[in-house]
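Structure record follows, encoded as structure tokens.
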Amino acid sequence: MAASRPDYGIDAPNVLRNLFLFGIPCLLLGLFLPAHVHIGRIDFLPRPMFFWTGLFLLLEGLLYLQYVMSGKMRHRDYMLSLYRWRGDESVLDVGCGRGLLLIGAAKKAASGKATGIDIWSNEDMGGNSEAATQRNLNLEGVADRCTLISMPAQEMPFPDASFDVIVSNLCLHNIYDKPIRQEALGQMVRVLKPGGVMLVSDYKLTGEYAEHFRGAGLQVQRCWGRPFYNFPPLRVVIARKPS
Ligand SMILES: C[S@@+](CC[C@H](N)C(=O)[O-])C[C@H]1O[C@@H](n2cnc3c(N)ncnc32)[C@H](O)[C@@H]1O
């Protein structure tokens with residue numbers, strides 16, 4: 001039976017799986033191994049070592065699961081609250097995945113339009129595909145105002161100054177090669193309209209994004225996402241292009 005509720009998928013599913021895959025056996029070893037092991041003249045303490053490692057990994061896994069199940073909806077709402085919406089904006093979501101921010105932004109820009117670009121990597125997002133995102137757009141009732149395009153962020157063909165608002169969450173760190181990542185940032189600056197705003201969230205490299213945007217003449221602020229429901233902790237770069 002087809003899902004009747006949108007499914008925004010599991011971010012980096014292998015990371016989540018590995019936290020439990022290693023965390024649970026480590027914790028069990030930590031509970032059941034002997035407290036001391038002597039090898040030659042060396043005294044090992046395997047129990048606390050495995051116990052604390054296992055507990056740490058499991059805790060990370062649970063926090064991550066919480067982000068995937070509900071935290072990311074709250075992070076989306078927080079990100080979108082950082083901009084005062086008129087309602088008629090043209091919005092671009094860079095690395096839209098299964099449409100989390102794209103759909104949120106399309107609802108805010110009720111008389112505007114929203115475009116999501118992605119390469120649909122299944123390593124970065126479970127069940128990632130254009131069809132899965134289109135299904136979410138239909139279920140959320142915003143399909144008529146949204147366009148999905150398969151393309152890498154660093155190769156955007158949009159004309160200069162196409163978008164009032166550009167959003168992106170947890171995408172750019174997946175571009176491992178710095179010059180290519182810088183190219184993607186440069187494209188985002190290029191396609192943003194004068195007076196437009198970018199909201200770019202990630203768990204690392206936000207300093208690099210901020211520096212790039214500043215260097216391109218944008219006014220930049222950087223803030224932490226709300227604590228507790230983001231894991232790993234996320235920061236948001238807010239960049240305004242002068243009119
Ligand atoms: C962790 S997911 C986050 C998806 C979505 N932004 C969200 O918050 O739910 C990262 C997304 O970035 C996409 N991505 C990775 N590298 C990309 C690139 N070079 N250009 C466009 N999208 C990319 C992946 O396919 C994936 O959908």
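Model, not experiment: these values are computed from the prediction. Numbers for residues simply follow the sequence, beginning at 1. Both counts, for ligands and for their atoms, begin at 1 and track the order of listing.
Between Asp202 and Arg235 there is no salt bridge, since no side-chain nitrogen of the basic residue lies less than 4.0 Å from a carboxylate oxygen of the acidic one. Under the 4.0 Å criterion applied to side-chain N and carboxylate O atoms, Lys113 and Glu89 are not assigned as salt-bridge partners.
At a threshold of 4.5 Å between non-hydrogen side-chain atoms, the residues Leu234 and Trp224 do not count as touching. Under the 4.5 Å side-chain criterion, counting only non-hydrogen atoms from C-beta, Tyr209 is not in contact with Val220.
Assignment of Tyr8 to the shell around ligand 1 is not supported, since no heavy atom sits closer than 4.0 Å. Heavy-atom separations between Ile119 and ligand 1 include at least one value shorter than 4.0 Å. Residue Cys96 places a heavy atom under 4.0 Å from ligand 1.
Ser201 pairs in a side-chain contact (heavy atoms from CB on, under 4.5 Å) with only one of the listed residues (Val236, Asn230, Val167), which is Val236.
In terms of polar-atom proximity, Asn128 is counted as a contact of ligand 1, with an N or O under 3.5 Å from an N or O of the ligand. Not one N or O of Ile117 is nearer than 3.5 Å to an N or O of ligand 1, by distance alone.
For Asp124, heavy-atom contacts with ligand 1 shorter than 4.0 Å involve the backbone as well as the side chain. Proximity of Asn169 to ligand 1, defined as any heavy-atom pair under 4.0 Å, is shared by backbone and side chain alike.
Nearest to atom 19 (N) of ligand 1 by heavy-atom distance, out of Met125, Arg98, Gln154, is Gln154.
Ligand-side atoms of ligand 1 in range of Leu100: 8 (O), 9 (O), range being under 4.0 angstrom from any heavy atom.
Under a 3.5 Å cut-off, the side chain of Thr115 and the backbone N or O of Asp93 do not form any donor-acceptor pair.
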